[in-house]
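Note sheet for the following structure.
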2 protein chains.
Amino acid sequence: MNDVHNFNAGPAALPKQALERAQKELVNFDGTGMSVMELSHRGDTYDRIHTHAIKKIRKLLDVPDDYHILFLQGGASLQFPMVPMNFLDSQATYILTGAWSEKALAEAKHFGKTVIGASGKDGNYKQIPALNQISEHAQDSYVHMTSNNTIYGTQWHAFPNTKAPLVCDMSSDIFSRRIPVNQFGLIYAGAQKNLGPSGVTLVLIQDAFLQRAKSGLPAMLSYDTFVKSNSLYNTPPVFSIYMLGLVLDWLEESGGLTEIENRNKAKAQLLYEAIDESDGFYIGHAAQDSRSNMNVTFTLANDALTSVFLQEAKEAGFVGLNGHRSVGGLRASIYNAVPYASCEALVDFMKQFKNKHAEKGATV
Amino acid sequence: MNDVHNFNAGPAALPKQALERAQKELVNFDGTGMSVMELSHRGDTYDRIHTHAIKKIRKLLDVPDDYHILFLQGGASLQFPMVPMNFLDSQATYILTGAWSEKALAEAKHFGKTVIGASGKDGNYKQIPALNQISEHAQDSYVHMTSNNTIYGTQWHAFPNTKAPLVCDMSSDIFSRRIPVNQFGLIYAGAQKNLGPSGVTLVLIQDAFLQRAKSGLPAMLSYDTFVKSNSLYNTPPVFSIYMLGLVLDWLEESGGLTEIENRNKAKAQLLYEAIDESDGFYIGHAAQDSRSNMNVTFTLANDALTSVFLQEAKEAGFVGLNGHRSVGGLRASIYNAVPYASCEALVDFMKQFKNKHAEKGATV
Ligand SMILES: Cc1ncc(COP(=O)(O)O)c(C=O)c1O
Ligand SMILES: Cc1ncc(COP(=O)(O)O)c(C=O)c1O
Ligand SMILES: [Mg+2]
Ligand SMILES: [Mg+2]
Ligand SMILES: [Mg+2]
Ligand SMILES: [Mg+2]
């Protein structure tokens, strides 16, 4: 099968242009006679790849000069303990908006006192807390939040103004829209949604926040090590960083974040409309004001039809529409590289499926 | 330039066959219409890739059934703190055979009491300690060693029989020869020398040793997490693991470890002979009985010729011959994927270089 619509939650669809470029260069990069995977991370050629990726990040995301741009490994999940290990002193506040926030909190508990600043848990994480619910937490080491909740399909559309440094897991929506980087002390994201393959974690850290980090940590678990070495303390994931650079080349050629943000909104709107106009056949999980433009989560009024939907969708060339194990139902992840046409195709499919199964859909 | 001889120390040469296969499949893996980089790590297709890599490791390295095979991130450098974090109780012994052993020891000091079991430091790490110098260390949490010293070019040709579990950093010689896995409690290796691209770390751990691991650690820093989840607790470095599988396919088709071990010995012998028969123009760093079959380190009697050698070698298509920053001189890393023909070419070049500069070579 060559015509698939990839709605995977991560690893996820990547831009065809980036993949084709990587394919072309895979055995012989830039006339070197070597693959990128065969390049020394201490050599000039890789240095250009590394520098290119960092430059593109700074430019496209408009990262202020006093922020360091780092590449780590271990995914967002390793950031969960690294953040408190480096920064948790008296107390840190965690805002709970989904399963990933909970995991971040659980890891912080190994390192010190934590407080829950706001939580959507009682409402099954359908809703993002209102901004005026978030205090300034002036005395805290930091406030931790998750910008987009991959599993529940909710997203912050504005960010709180805390006095404590704001730390944000942006794994599933970084580079999907413009963000006010200077509102954050630290931003982290696994690359495997909007940025590239799994195996590299992007970290942005404000220098003033870095100054508060603890010393005496193991080198690989200290942000300072990565700052001081330009993320070259040990061997970085060379090929993943190269791919990330290619993905950002595509993003820039596509018009940058303003354009991609518009496209993402349009794609999401298409799907949410199909849900809202289905006369209750499809039910959106997220509250309207908290809907994510990256992960559209919904259930079928008749849950018995879920497996039928997934089976028929699979046969029609749709990939990755199952909801997360912990929530069930359906989820369409529509990251940057998912084309508008794939969303249109999905909407068509949803309508046809509804027509075909309408009478059963009514029997909830 | 298309005809290069890649002697990089890591990331290093990979088998052409594996790279060409990856290139062919890069945009459309196995008829899925997706790149491996776009596959969900929870899906069937990736499951086959993951399982394939693990099976090949078990088969080719003859890993006993009571050993778990794990994929981590963060390189060997993250293993330096993870090993003591998980296992250092009363005391651990470190055998120092080079810069990487020293780094491993330095990280262990964050977690408890360490002892130096033997050290080649005074002799500038030219020699591997004799096996009878290593005690049994029955009371220790573990004994840590480095099987091949990438920087100094020395290698253990037999392993000590300790009573304490033996932990070994095999980053730069794993899969280059047969090894008695059952002599070790834990083996770790960054993939980027003999196994694939950087970004994945292979860990083998004996179940009996795992049982001694501490509990209450952050999930991502606990070996048990990776054992319980089959290395799928969070998103693994999907593409790196895929490449590792392709590299092992090549290794198997090349005759497996017995054959590759013979080839590696023959390649190393070629280079060491060229050094030994150079009438002192080239000087091997390692003592004869400790010479590595992976990293051939040498200096020029006239050190002023080193930069000339590197410049002329570069022009002749040789890559990566500079010694490590911390040691200087020259180093040819001749991992599995470096062809015999590249070693022949290097020997020819060394002879020509000597003839050309012979009179200057004498002026030490
Ligand atoms: C918001 C968020 N945080 C963290 C993670 C965990 O990321 P990783 O698998 O890179 O550790 C995910 C994975 O989907 C995520 O969506
Ligand atoms: C023997 C040995 N151990 C550890 C390392 C560090 O590996 P990494 O860069 O994967 O952290 C190296 C790197 O060359 C090495 O050769
Ligand atoms: Mg190198
Ligand atoms: Mg979530
Ligand atoms: Mg997935
Ligand atoms: Mg060494």
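Residue numbers begin at 1 in each chain, while the letters A, B, ... track the order of the sequences.
Checking side-chain atoms of N6(A) against main-chain N and O of M34(B) turns up no donor-acceptor pair under 3.5 Å. Without hydrogens or angle criteria, S40(A) side chain to N8(B) main chain gives no donor-acceptor distance under 3.5 Å.
Taken to the nearest 0.5 Å, the NZ atom of K193(A) stands 5.5 Å off from the OG1 atom of T235(B). L19(B) contributes atom CG, which lies 5.5 Å from atom CE of M37(A) (distance to the nearest 0.5 angstrom). Rounding to the nearest 0.5 Å gives a distance of 8.0 Å between CD of Q73(A) and OG of S240(B). Between the OH atom in Y233(B) and the NZ atom in K103(A) there is a gap of 3.5 Å [rounded to 0.5 Å]. Put simply, CZ on R42(B) and NE2 on H324(A) are 6.5 Å apart, with the number rounded to the nearest 0.5 Å. Distance check, rounded to the nearest 0.5 Å: CE of M85(B) to CG of L221(A) gives 5.5 Å.
The most heavy-atom pairs under 4.5 Å with chain A, out of A337(B), P218(B), G216(B), come from P218(B). By number of non-hydrogen pairs under 4.5 angstrom with chain B, the leading residue of G74(A), A13(A), A76(A) is G74(A). Taking chain B as the reference chain and counting heavy-atom pairs below 4.5 Å, the highest number among V36(A), N322(A), L217(A) is found for L217(A). Of the residues considered (S77(A), A106(A), P236(A), G320(A)), S77(A) shows the highest number of contacts with chain B, using heavy-atom pairs under 4.5 Å. Note: V319(A) leads V319(A), D30(A), V200(A) in heavy-atom pairs under 4.5 Å with chain B.
Looking at Y46(B), there are no atoms closer than 4.5 Å to chain A (heavy atoms on both sides), in backbone or side chain. Only the side chain of F111(A) comes within less than 4.5 Å of a heavy atom in chain B; its backbone stays farther off. Residue contact with chain A, scored on non-hydrogen atoms closer than 4.5 Å, involves the side chain of E107(B) exclusively. Residue contact with chain A, scored on non-hydrogen atoms closer than 4.5 Å, is absent for L72(B). For A12(A), the part lying under 4.5 angstrom from a heavy atom of chain B is the backbone only. Contacts between K24(B) and chain A at a heavy-atom distance below 4.5 Å involve the backbone alone (N, CA, C, O). Contact of A219(B) with chain A is made through backbone and side chain together, with heavy-atom distances under 4.5 Å. Contacts between Q192(B) and chain A at a heavy-atom distance below 4.5 Å involve the side chain alone, from C-beta outward.
Residues N234(A) and G75(B) share a closest heavy-atom pair of ND2-CA, 4.1 Å. Minimum heavy-atom separation, V4(B) to G33(A): CG2-O, 3.7 Å. Contact detail for G199(B) and P237(A): the closest heavy-atom pair is CA-CB, 4.1 Å.
For K214(A), the NZ atom counts as densely surrounded, since its 6.0 Å shell holds more than 12 non-hydrogen atoms of other residues, nucleotides or ligands.
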